[in-house]
Each structure stands twice: as structure tokens, then as C-alpha cells.
Amino acid sequence: MTFRLTLLALAIGFATLAPAAALTPNEVRECQTLASGFTAKQAKYQALSAERDALAIKAETLGEAWENAEQLRNFSPEAAAEADEAEVVYEDAKIAFEASEAEFQTFGAALNSDIQRFNRLCAAD
């Protein structure tokens with residue numbers, strides 16, 4: 001994450017380095033559009049990261065609870081029902097985490113692509 005954030009900071013810093021004469025008007029607009037979106041995209045990236053991390057912890061905790069309930073499964077029908085319920089809750093949490101991870105990875109790849117595009121087009125020497 002630090003590497004991506006460093007690239008983002010470099011990309012924003014390079015916005016003023018590109019010689020205006022070297023870019024077409026469309027490229028200038030694209031550079032401005034890319035640069036203006038980086039702050040919001042960085043905030044979303046951090047929010048997705050925090051959400052993913054929280055869901056990972058939740059899934060891990062619920063997984064441990066399910067494992068504990070499984071150990072008691074054979075003691076009574078109520079314990080078996082609790083183990084079944086704990087498994088369903090854990091599986092739901094795991095699915096939520098996996099969806100969050102996929103969204104985080106997809107968004108991160110798109111952000112990196114934007115940064116690379118900005119660096120190629122707008123951060124001319």
C-alpha cells in the first residue's frame with residue numbers, strides 16, 4: 001500500500017512538471033481530469049482497505065467460534081444446532097470478505113492504471 005500511495009504522491013507532484021507545449025489540449029484535459037480524481041480515489045482505496053481488513057478480522061473470529069462450536073457438536077442436539085448456525089454465520093462472513101477483497105483488488109488495479117497513465121502522459125521530462 002505504501003508503494004501505491006508513494007506513486008500517487010509522485011503522480012500528483014508531477015502534474016506541474018509537464019511542459020504545456022508538449023501536450024495536446026485533449027491530453028491537458030486528461031491530465032487535469034486524472035490529477036483531480038486522485039484524492040478521491042486514494043480516499044476510496046483507503047476505505048476499501050479498511051473495510052477489507054475489518055471483514056478479514058470478523059471472518060477469522062467467526063471461524064474460530066465455529067471451530068469451537070464444532071468441538072461440542074456431539075454433546076447435544078442443541079450443540080449441533082449451534083455448530084450449524086456458527087458455520088452459516090462464518091460462511092457468510094467469508095463470502096463478504098472475499099467480495100470485499102475482490103473489490104479492493106479491482107479498484108487498486110484501476111488506480112494503478114490511472115497512475116501509470118498519468119505518469120506516462122503528464123509527467124514528461
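Just so it is clear, the values below take in all heavy atoms, side chains as well, and ignore hydrogens, waters and symmetry mates.
- Under a 3.5 Å cut-off, the side chain of T106 and the backbone N or O of E103 do not form any donor-acceptor pair.
- A65 pairs by the side chain to side chain contact (heavy atoms under 4.5 Å, CB included) definition with nothing, not counting sequence neighbours.
- Between F38 and F118, the angle of the ring planes goes over 60°, which puts this pair in the perpendicular group of the 30/60° scheme.
- Listed by first and then second residue, the salt bridge (Lys or Arg N to Asp or Glu O under 4.0 Å) pairs involving residues 47-66 are R52-E101 (not counting sequence neighbours).
- Not one N or O on the side chain of S100 forms a donor-acceptor pair closer than 3.5 Å with the backbone of A96.
- Legend: salt bridge (Lys or Arg N to Asp or Glu O under 4.0 Å) pairs involving residues 75-90, not counting sequence neighbours, sorted by first then second residue: R73-D84.
- Shortest non-hydrogen contact noted between Y45 and F107 is N-CE2, 3.7 Å.
- Counting Ile, Leu, Val, Met, Phe, Trp and Tyr side chains that sit under 4.5 Å apart, directly or through other members, F75 shares a hydrophobic cluster with L72.
- A salt bridge (Lys or Arg N to Asp or Glu O under 4.0 Å) check over residues 109-119, counting only residues at least two apart or in different chains, returns the pairs E30-R117, K41-D114.
- Rounding to the nearest 0.5 Å gives a distance of 10.5 Å between CD of Q105 and CG of L48.
- Side-chain atoms of S113 never come within 3.5 Å of backbone atoms of A109 as a donor-acceptor pair (strictly under, hydrogens ignored).
- Side-chain contact between L23 and L121: present, with at least one pair of heavy atoms (C-beta onward) separated by less than 4.5 Å.
- Taking E91 as the reference, K94 meet the salt bridge (Lys or Arg N to Asp or Glu O under 4.0 Å) condition, with sequence neighbours excluded.
- Residues that satisfy the salt bridge (Lys or Arg N to Asp or Glu O under 4.0 Å) test with R29, not counting sequence neighbours, are absent from this structure.
- Criterion: ILVMFWY side-chain heavy atoms under 4.5 Å apart, direct or through other members. Under it, L55 and Y90 are not part of a common hydrophobic cluster.
- In this structure, CG in N26 is found 11.0 Å from SG in C31, a value given to the nearest 0.5 Å.
- Applying the ring pair (Phe, Tyr, Trp, His ring centres under 6.0 Å) test to F97 and every residue at least two apart in sequence or in another chain returns nothing.
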